[in-house]
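Some notes on the structure that comes next.
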Number of protein chains: 2
Amino acid sequence: MRAVKTETDIRRDQIAEAAMELIGAGGLSSLSIAGIGERVGIVPSAVYRHYKGKDAVLDAVLQLLRARMLAHVEAVRGETPGALLRLRLLLVRHMTMLVEHPAFSHVVFAHFSHAGHAARWSGLHDTMCAYLKEIARIVEEGQHEGAIRSDIPSRTAAVMFIGLVLPAAMLHRLSGGDFDASAHVDAAWPVFLRGLAADGDRRRRRSG
Amino acid sequence: MRAVKTETDIRRDQIAEAAMELIGAGGLSSLSIAGIGERVGIVPSAVYRHYKGKDAVLDAVLQLLRARMLAHVEAVRGETPGALLRLRLLLVRHMTMLVEHPAFSHVVFAHFSHAGHAARWSGLHDTMCAYLKEIARIVEEGQHEGAIRSDIPSRTAAVMFIGLVLPAAMLHRLSGGDFDASAHVDAAWPVFLRGLAADGDRRRRRSG
DNA sequence: GTACATTGTGAATTGTGAATCACAATTCTG
DNA sequence: CAGAATTGTGATTCACAATTCACAATGTAC
């Protein structure tokens, strides 16, 4: 059955979305033009009407992920004041994101399998840096508030923050879902907090 | 030039080693039978004399990595007494390992790109669990010593420990080597230690 | 040295997936 | 409606890598 003719703007979105789902379901290696076509409801070659090639589709997926990632930070800023609470909330949202968009972890880790194409992944690097920068900014705000020790480099704290979720996401997938990533994050948070929080500042005790 | 006839035991080792190097250099996607043959000095088809196929080679690599990983824990046990010092030392060794054997990170993360073959990666899961278990055991020893808070699940601490290196390794690779993973680990350690160490136990101050 | 097993070789086979192309259908514009 | 632009289709090409196979070389046992 012939697919209904649809304008490129819409198709591009559909294709990027389909690509993200494919990656989320089966990893980067299962991203194929044929698979995209099937999901969108067009024939493989029709994909080339809307994207130059597979790489272009991947770039679009990266853009999608970047947008959603930074949107989370933005949202957290609006929901809560206070650096420590924001970090805690971001942690939850970060986990949720990894569950809702497994494509994210796949893409993040995929450059390990497809190393050598350094240029292709520079966009991903930019995204990660932007995210780290946002987290670091929250940390710095916390340091100004006096809630977070000032002798901790904000970037170090930001990378450690990522370190709370990254291995959890990895184990979750590696175990086929057995590892409870959320439970780990909940258990790890107070430990991280104790390392982070300023000594004299005990006003925040409700942080388990 | 015809390769000298070599017995299978040796060839199997050579092939596994070559495969590990290939993965380390260019990611899992650059592991090819042809590449292995070239490194070993035999023709691609000759590889099949010693391994059933590509999957079997990959399994062998996984075994190699498992052995080296657990050897590090063993070595640390022999080098230092005291849980906290052992963890600190293991951290350094862990980083060193990731630098010396980039294949390790590649393989660990590769299952994200090649998801769906759950069975293939169960061996990797076992290895990770074994490693986590060793770390958790050190943590438990530290809790018995009174150096580490007893209200922290040892497994949580172990996963957090992994979280100190994982993102660092990722950023290192993502940035093309710009990110200084060792520096991050050095900066992150005291923060982690503060979260981990028992309150009443201040005997260990030389941990920066 | 002769039979036999082992290992190496090159060619051929097969499978996969990206990309191209000529052509058909559809939509838009006048 | 006529013509142009856009989008969809199927066949096809291309590159690449895994695997198989018949055969050659090498080594081993008797």
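Labels below follow one simple rule: chain letters A, B, ... track the order of the sequence lines, proteins then strands, and each chain is numbered from 1.
- Looking at B:His50 and B:Thr8, their side chains do bring a donor and an acceptor atom within 3.5 Å of each other.
- With the nearest nucleotide of DNA chain C identified for both B:Val43 and A:Tyr48, B:Val43 has the one nearer the 5' end.
- One atom, NZ of A:Lys54, and another, P of C:dA19, lie 8 Å apart when rounded to the nearest Å.
- The distance between atom CG of B:Leu58 and atom C1' of D:dA18, rounded to the nearest whole Å, is 14 Å.
- Considering A:Glu141, A:Glu134, A:Glu140 as possible partners of A:Arg137, the one that fulfils the salt bridge (charged side-chain N to carboxylate O under 4.0 Å, His left out) test is A:Glu134.
- Side chain of B:His106 to main chain of B:Ile23: a donor-acceptor pair is present (N/O by atom type, distance under 3.5 Å, no hydrogens or angles).
- In this structure, the nucleotide among C:dT7, C:dT26, C:dG8 sitting nearest to the side chain of B:Ala46 is C:dG8.
- Nearest-nucleotide positions on DNA chain D place B:Lys52 closer to the 5' end than the other of B:Lys5 and B:Lys52.
- Between A:Glu7 atom CD and C:dT26 atom P there is a gap of 18 Å when expressed in whole angstrom units.
- Between B:Asp55 atom CG and D:dT19 atom C1' the separation is 12 Å, expressed in whole Å.
- For B:Arg2, the side-chain atoms get nearest to D:dA24 when compared with the rest of D:dG8, D:dA24, C:dA18.
- Note on A:Ser45: every side-chain N or O is 4.0 Å or more away from OP1 and OP2 of D:dG10.
- Each of A:Gly53 and B:Asp9 was assigned the nucleotide of DNA chain C with the nearest heavy atom; the assignment lying further toward the 5' end belongs to B:Asp9.
- In this model, the phosphate group of C:dT7 is approached by a side-chain N or O of B:Thr8 to a distance below 4.0 Å at OP1 or OP2.
- Of the possible polar contacts, none joining the B:Tyr48 side chain to the B:Gly53 backbone as a donor-acceptor pair under 3.5 Å is found.
- Rounded to whole Å, atom P of C:dA24 lies 14 Å from atom CZ of A:Arg49.
- The environment of B:Glu38 atom CD is sparse: at most 12 non-hydrogen atoms of other residues, nucleotides or ligands sit within 6.0 angstrom.
- Taking 4.0 angstrom as the limit, A:His50 places a side-chain polar atom (N or O) nearer than this to OP1 or OP2 of D:dG8.
- Backbone-only engagement by A:Leu31 is indicated by non-hydrogen atom pairs under 4.0 Å involving sugar-phosphate atoms exclusively.
- Straight-line distance from the CD atom of A:Gln14 to the C1' atom of D:dG8: 13 Å, rounded to whole Å.
- Rounded to an integer number of Å, the gap from A:Ile36 CD1 to D:dG8 C1' is 16 Å.
- Rounded to an integer number of Å, the gap from OH of B:Tyr51 to P of C:dG8 is 13 Å.
- Among the nucleotides C:dA19, C:dG8, D:dG8, the one closest to any side-chain atom of A:Arg11 is D:dG8.
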